[in-house]
Amino acid sequence: MKRFVAVTLGILTAIGGFVDIGDLVANAEVGARFGFDLAWVVGVGVIGICVFAEMAGRVAAVSTRPVFDLVRERLGARAALANLLASSFVNFLTLAAEVAGIALALELASSVSYLLWIPFTSLAVWLVIWRVRFETMERIFGLAGLSLVAFAVGFWRLGPDWGSVFHSVSHPVVPSGEGHATYLFYAVSLFGAAMTPYEVFFFSSGAVEERWTTDDLNVNRANVLIGFPLGGILSLSIMGTTALVLLPRGITVDNLAQVALPTVLALGKLGLAFLLIGFFAATFGAALETALSSGYIISQFFGWQWGKMVRPVDAPRFHAVVLVSLVLGAMLVLTSVDPIKVTEYSLVLSALALPLTYFPILVIANDPDYMHGRTNGRVANALGSIFLIIVLVASAAAIPLMIVTKAGQ
Amino acid sequence: MRLSELLHSRVVDAAGNDVGRVHDVRLVQDGPLVGTFGAAFRVEGLIVGPAIAGARLGYRRSGMTGPFLLAAPLRRLHRRVKFVPWDRVAELGRDTISISGSADDLDEPEPLPTA
Amino acid sequence: MSEHVGWAGRPRRLRRLDAGLSLLDRQILDRDGRLSGKVDDLELTPPEGDGSGPPVVTAILSGPGALARRLRGSVGAWLESVHSRLHPSAEPGPARIPFGVVKEIAATVGLSVRKDDLELSRFEDWTRDHIIGRIPGARHAPE
Amino acid sequence: METARLGVDAVARDRTTGPYVSVLLGQAEEQATSVQSTFDSVQPPNEDADRLRDEVDGLLTQAVSVLGDVRIAARRGDTDGITGRGPALADISKRLSDLEDRLG
C-alpha cells in the first residue's frame with residue numbers, strides 16, 4: 001500500500017491534466033464526432049508528457065529546482081516573463097473552468113444549478129490549499145479520481161467489436177463530413193490537453209514539496225509511467241463510450257451530463273455514482289493543480305518563498321496569488337460564461353506556449369552542473385528531440401487552425 | 001555599473017569593425033577578500049559573438065553534449081565566439097563597447113568545464 | 001593560466017564562471033534555506049585606488065528595482081514605476097546583497113545571513129502583515 | 001432530441017437517478033430552444049423557403065414542448081410521466097431526421 005500511495009502525485013497530476021472539466025467534454029465530443037479516428041493523438045500525447053515529466057521530475061529530485069526556475073535560468077528574464085504571462089493566463093482560465101466544473105458535478109448529483117454552488121466550491125478549494133498537507137491532498141483526490149475507471153468498465157460493458165476498434169485506431173481517416181482543418185484542429189487541442197504546461201509545473205513543484213532526492217528517481221519514474229498512461233486510458237475510454245453510443249445517433253456533446261450518458265446506460269445507477277464521485281474528484285484535483293500552479297510559477301519567476309511545506313505566513317505572496325486567482329476565477333464563471341468553452345480556448349492557447357516550457361527542461365536535463373551524472377540518456381534525448389519538434393509544429397499550427405475552423409465548428 | 005549594461009551590447013574594434021554582441025561576462029575569483037565569501041570575483045573579459053539565440057543555453061561549456069539536435073548546431077556557432085580580455089576594452093558606451101586593436105587577433109574563450 | 005597555491009598547499013585552479021550563465025537569474029537561499037529572491041543583476045565596481053583595471057563584483061542586486069531594467073520596454077518601465085511608488089524613499093535603488101555574505105554558488109546561490117537581515121522583504125512583509133497573517137490558521141503548517 | 005430519448009430509455013430501465021436525468025433533459029430542452037431561435041432569426045429568401053420554414057418551425061415547437069413536459073416530469077420524479085412520452089419523442093425525432101435527409 002505504501003508503495004502504491006507513493007505514485008499519487010503522478011495520478012493526481014495526470015487526472016488534472018487529462019480528465020479535467022474541459023477534457024472530459026472534449027474527449028466525449030471527439031468520440032461522438034470522430035469515433036476512434038483521433039485516438040492516436042492521445043497515445044502520442046501520453047508518450048510526450050511522460051518524456052518531459054520524467055525529465056522535470058528528475059531535475060527536481062537531483063537539483064531541487066522546479067520547472068519555472070529552469071525556464072528563467074535558461075530563457076532569461078524577458079522570455080521567461082512572456083512564458084509566465086501566457087502560462088498564467090491559461091492557468092487562470094483553466095482554474096476558473098474547474099471551479100465551475102466541480103459545481104457542474106454537484107449539479108448532476110443534486111439538480112441545484114451550478115451557479116449556486118460556485119461560491120462554495122471555490123471556498124472549498126482554498127480551504128484545502130490553506131489547511132491540508134500536500135501529501136494528504138494528493139492522496140485523497142488522486143485516489144478518488146480513480147473512480148473514473150467506471151468509463152473503462154462502461155466501454156468494456158458496451159461490448160465493442162474489438163477488431164474494428166483496433167482497425168480504426170490504427171488506420172485513422174478523416175470522417176466524411178469533417179474537413180481536414182477541423183480534424184487537425186482537434187488533433188492539436190487533444191495534444192495540447194495531454195501536454196498542458198501546468199502538469200509539469202505542478203508535478204515538479206510537488207516533487208520539491210515532497211522533498212524528493214536522488215534516491216527517489218525510481219519513485220519519479222513510477223509516478224510518470226503509472227500516472228500519465230492511466231490518464232490517457234481514461235481519456236480514450238470516454239472517447240470510446242461516446243463513439244459507440246452517441247456517434248451512431250448523431251448526437252453532439254456539449255455538456256457534462258451527456259458525457260456520462262453512455263456509461264450510465266451501460267452500468268446503471270452504480271456506474272453513475274462512480275462517475276459523479278470521479279467528476280467531483282477530477283475537477284477538484286484540477287482546480288487544486290491550477291490554483292497551486294498559478295502561485296508556483298509566479299513565485300518561482302520572482303524567487304519568492306512558495307509551497308505548502310511552510311506555514312502560510314512564511315510564504316505570504318504565494319498564498320496571496322493563489323487566493324486572488326481563486327477569487328477572480330470564481331467571479332469570471334459567475335458571469336455564467338460557458339466554462340467548457342473557456343477551457344477549449346485555453347487549450348489552444350496552451351498549445352501555443354508549450355515550447356517555452358519544454359525547451360528549457362530538455363536543455364537543463366542535459367546540463368551536468370545541475371544533474372550531477374544524472375543527465376539524459378540517449379533514449380530520453382531522442383524522444384525529447386522528436387517531441388520538441390512536434391511541440392513546435394503544434395504551437396505554430398494552433399492559432400491558424402483555430403481561425404480557419406472557427407474553433408472547430 | 002550593472003552586469004546587464006554589458007550584456008547584449010555591441011562590440012566594435014578600433015577600426016570600427018563589428019565584432020558581435022556580448023554573450024556573457026567571464027568572471028575570475030582573484031579579487032580582494034570580501035566577508036565570508038573569500039576572494040571576490042572580478043571581470044576577466046567579455047565573451048563576444050554573432051547575435052544568435054541560444055547564447056545562454058550553456059553549450060559553451062565542455063560537458064554540454066546533448067541532445068544532438070541542439071548541441072551540434074550550437075557548438076558550431078560557439079566556435080565563432082571571441083574572448084575580449086578586459087584590458088582591451090577602450091570605451092564603454094551606452095549600447096556600444098569599443099576595444100583597442102583589431103578583432104582579428106582575438107582568441108576563442110577557454111571552454112569552462114562542467115561539474 | 002594563472003595558478004594559486006591553495007590553503008592545503010596544493011596548486012588550485014582559480015575559479016572562473018560566466019556570469020550570465022551561472023549567476024544571473026539563479027535562486028537565492030538564505031542561511032536557513034528560505035527562498036529569498038533571484039539574482040536579478042550584479043553590481044560591478046571599479047577597483048579601489050585609481051579606478052583603472054577590471055571591475056569587481058561587489059553585490060547581487062535583487063527585486064523589482066533590479067529586474068525592471070533588464071526587462072526594458074514598457075513592461076520594465078511599468079515595473080520600475082510601481083517599485084518606486086511603493087517604496088518609501090524618494091529615489092529607491094534596487095535591493096543590494098553585498099557579495100561578502102554569499103556563501104556558495106551552485107545551482108542556487110546560498111547566503112550566510114538570514115533574509116530578514118537584508119532589505120529584500122518589504123513587499124513580502126506587507127503582504128504578510130496586511131493580508132495573509134490576518135487569516136485564521138496562517139501561523140500553522142497545514143496538517 | 002436523441003440525447004433525451006437515451007435519457008428516457010435509461011429511466012425506463014431504472015438505470016439512473018432523478019437529479020441526473022432532470023439536468024440531462026433540462027440541457028436537451030435548452031439546446032432545442034436555442035436551435036429554434038437561431039432558425040427563426042434567419043430570413044427566408046422566397047416562398048418555398050417560407051413553407052419549409054413553417055414546417056421546420058412547427059416540428060421544433062413540438063420538440064421543445066415535449067422536452068419541456070419530460071423535464072417537468074423528471075423534476076417531479078414522475079417516472080411514468082417520463083417513459084410515457086418516449087413514443088412521442090421517438091416520433092418527432094424521426095420526423096426531424098427525415099426532414100434533414102430530405103434537405104440533404
Side-chain angles (χ1 to χ4, degrees), chain A residues 59 62-66 68-82 84-85 126-137 208-209 299-324 360 364 367 369-372, chain C residues 17-18 20-30 32-41 60 62-64 66-73 75-76 79 95 105-109 115-116 120-143:
Chain A
V59 175
V62 177
S63 74
T64 69
R65 296 294 91 211
F68 220 86
D69 276 34
L70 315 184
V71 169
R72 185 164 165 195
E73 285 163 25
R74 278 300 168 266
L75 296 182
R78 297 186 81 189
L81 181 69
L84 178 70
L85 294 176
W126 177 76
L127 276 175
V128 169
I129 291 177
W130 188 251
R131 291 308 307 150
V132 180
R133 249 167 30 108
F134 193 91
E135 283 91 344
T136 314
M137 173 191 96
V208 177
E209 294 247 31
S299 303
Q300 287 162 13
F301 176 82
F302 287 108
W304 301 339
Q305 179 69 52
W306 52 269
K308 288 169 56 52
M309 67 280 207
V310 297
R311 302 179 308 164
V313 281
D314 292 323
R317 290 175 290 192
F318 166 75
H319 278 284
V321 171
V322 171
L323 182 60
V324 169
I364 291 206
D367 194 324
D369 283 355
Y370 286 81
M371 301 306 293
H372 306 291
Chain C
L17 54 83
D18 290 345
L21 185 65
S22 306
L23 260 176
L24 208 55
D25 296 315
R26 297 290 171 121
Q27 179 70 49
I28 303 169
L29 301 182
D30 80 349
D32 307 322
R34 289 185 300 168
L35 305 171
S36 315
K38 294 275 178 178
V39 180
D40 289 314
D41 214 334
I60 290 170
S62 183
L67 185 61
R69 278 226 218 145
R70 285 188 56 212
L71 296 174
R72 289 172 292 190
V75 181
L79 190 61
I105 298 173
T108 53
V109 174
K115 75 170 165 185
D116 308 341
L120 289 170
S121 48
R122 200 181 318 273
F123 177 39
E124 181 171 34
D125 294 344
W126 187 89
T127 322
R128 168 173 36 241
D129 297 343
H130 291 86
I131 307 170
I132 297 303
R134 298 190 171 189
I135 304 172
R139 275 159 220 289
H140 304 277
E143 36 209 88

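Numbers restart at 1 for each chain; the letters A, B, ... are given by sequence-line order, proteins then strands. Side-chain atoms are counted along with the backbone in the values below, which use heavy atoms only and exclude waters and symmetry mates.
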Check whether any side-chain heavy atom of C:Leu35 lies under 4.5 Å from a side-chain heavy atom of A:Phe302, and answer yes or no.
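The answer is no; the side chains never approach within 4.5 Å.
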
Heavy-atom check, side chain of A:Phe301 versus side chain of C:Leu67, under 4.5 Å
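The answer is yes; the side chains approach within 4.5 Å.
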
Who wins among C:His140, C:Lys38, C:Arg34, C:Lys115 for the most heavy-atom pairs under 4.5 Å with chain A?
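Looking at each option in turn, the highest pair count goes to C:Lys38.
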
Just so I understand: if I count every heavy-atom pair under 4.5 Å between each of C:Gly133, C:Gly137, C:Ser62, C:Pro64 and chain A, which residue has the most?
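Maximum pair count with chain A is reached by C:Gly137.
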
Please answer whether the main-chain N or O of [Y] pairs with a side-chain N or O of [X] as donor and acceptor at a distance below 3.5 Å.
| X | Y | answer |
| --- | --- | --- |
| C:Gln27 | C:Gly37 | yes |
| C:Arg70 | C:Asp40 | yes |
| C:Asp25 | A:Gly76 | no |
| C:Arg26 | C:Val39 | no |

So which part of [X] gets closer than 4.5 Å to some heavy atom of chain C, the side chain, the backbone, both or neither?
| X | result |
| --- | --- |
| A:Phe134 | neither |
| A:Arg78 | both |
| A:Val132 | both |
| A:Gln300 | backbone |

Toward chain A, the part of [X] with a non-hydrogen atom under 4.5 Å:
| X | value |
| --- | --- |
| C:Thr108 | side chain |
| C:Leu71 | both |
| C:Asp125 | neither |
| C:Leu21 | both |

Using side chain to side chain contact (heavy atoms under 4.5 Å, CB included), reason through A:Trp304 and A:Val321 one step at a time and then give a plain yes or no.
CA-CA 11 Å; A:Trp304 301 339; A:Val321 171; 4.2 Å; yes

